[in-house]
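Below you'll find the structure, written out as structure tokens, and then a few comments.
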Amino acid sequence: MSQKYNKYDLSKAQFAGGFIDADKVEAHRIGGDIYNYAPEQKQNLADAAAEIQALLQQLEQSYPTSTTLEKQVVVTEALKCIENNPSLKARVIGALKVGGIEAIKELVDNPLINILLAAVDAWQEAE
């Protein structure tokens with residue numbers, strides 16, 4: 001039986017849990033990302049995501065989305081709506097600053113969100 005030698009002096013260290021033999025551990029990603037937001041930030045993020053989703057759904061009722069070009073037209077119309085509504089634009093940019101693109105993607109169930117957020121992210125960088 002072989003003994004392992006630890007080159008670190010941990011004699012006075014305090015740990016919760018225990019030690020893990022790193023040679024035997026297989027690490028896999030478990031679960032998803034964890035976001036800790038204040039309650040008002042969660043609400044703002046959720047509200048902005050809901051408005052984006054509703055806007056995209058409304059536009060999809062009026063415009064076809066079969067081709068890439070048609071999808072870009074819907075996103076362009078959504079961008080126009082957001083830009084023409086300063087309150088909505090501020091909420092969307094605020095949500096991006098608080099939660100980032102990935103958090104909004106998680107909340108909006110629409111395949112066009114990736115295209116839309118790329119354009120909105122450019123607004124955020126410009127400000």
Side-chain angles (χ1 to χ4, degrees):
M1 181 161 159
S2 68
Q3 266 190 324
K4 292 216 173 216
Y5 172 72
N6 187 340
K7 64 182 176 181
Y8 302 104
D9 178 14
L10 301 174
S11 59
K12 293 190 176 32
Q14 295 180 1
F15 296 94
F19 290 104
I20 298 174
D21 185 351
D23 293 334
K24 296 179 182 175
V25 173
E26 291 184 29
H28 301 283
R29 184 176 174 149
I30 300 171
D33 296 326
I34 299 172
Y35 301 101
N36 291 320
Y37 304 119
E40 65 276 357
Q41 289 176 322
K42 285 181 188 178
Q43 189 61 47
N44 292 342
L45 184 60
D47 290 347
E51 286 186 70
I52 292 169
Q53 181 151 339
L55 177 60
L56 290 173
Q57 288 173 342
Q58 178 185 356
L59 290 169
E60 286 176 322
Q61 298 293 322
S62 303
Y63 297 93
T65 57
S66 301
T67 67
T68 302
L69 185 58
E70 291 171 342
K71 291 175 184 177
Q72 288 176 335
V73 168
V74 171
V75 169
T76 299
E77 289 301 314
L79 289 170
K80 286 179 188 176
C81 291
I82 293 170
E83 192 149 33
N84 290 330
N85 183 339
S87 173
L88 176 57
K89 183 178 179 181
R91 284 194 305 280
V92 170
I93 291 173
L96 276 173
K97 287 179 182 176
V98 167
I101 289 177
E102 292 305 316
I104 294 177
K105 283 182 187 178
E106 290 289 321
L107 294 172
V108 176
D109 183 25
N110 192 299
L112 300 178
I113 193 63
N114 293 331
I115 303 166
L116 179 69
L117 288 179
V120 173
D121 191 40
W123 285 346
Q124 178 182 346
E125 290 173 6
E127 291 187 357

* What residues form a salt bridge (charged side-chain N to carboxylate O under 4.0 Å, His left out) with E83, not counting sequence neighbours? ->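 E83 satisfies salt bridge (charged side-chain N to carboxylate O under 4.0 Å, His left out) with K89 once adjacent residues are dropped.
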Approximate separation, where rounding is to 0.5 Å, of E70 CD and L112 CG
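The CD atom of E70 sits 11.0 Å away from the CG atom of L112.
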**Prompt:** Nearest 0.5 Å, what's the CG-CD1 distance between L107 and I113?
**Reply:**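 Output value for this atom pair is 9.5 Å.
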* Which atom names give the shortest non-hydrogen contact between V74 and P64, and what distance separates them? ->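 Scanning both residues completely, I find the closest heavy atoms to be CG2-O, 4.0 Å.
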Q | Minimal non-hydrogen separation, V75 against L116, with atom names | A |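 Shortest heavy-atom contact: CG1-CA, 3.8 Å.
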Show every donor-acceptor pair shorter than 3.5 Å between a side-chain atom in residues 45-62 and any protein atom, with sequence neighbours excluded, or say none if there are none.
{"from": "D47", "atom 1": "OD1", "to": "Q43", "atom 2": "NE2", "distance (Å)": "2.8"}
{"from": "E51", "atom 1": "OE1", "to": "R91", "atom 2": "NH2", "distance (Å)": "2.7"}
{"from": "E51", "atom 1": "OE2", "to": "R91", "atom 2": "NE", "distance (Å)": "2.8"}
{"from": "E51", "atom 1": "OE2", "to": "R91", "atom 2": "NH2", "distance (Å)": "2.9"}
{"from": "Q53", "atom 1": "OE1", "to": "D109", "atom 2": "N", "distance (Å)": "2.8"}
{"from": "E60", "atom 1": "OE1", "to": "N110", "atom 2": "ND2", "distance (Å)": "3.2"}

Note to self: Tell me every residue that passes side chain to side chain donor-acceptor pair (under 3.5 Å) with E77, counting only those two or more places apart in sequence or in another chain.
What the structure shows: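 In terms of side chain to side chain donor-acceptor pair (under 3.5 Å), with neighbours along the sequence ignored, E77 is linked to K80.
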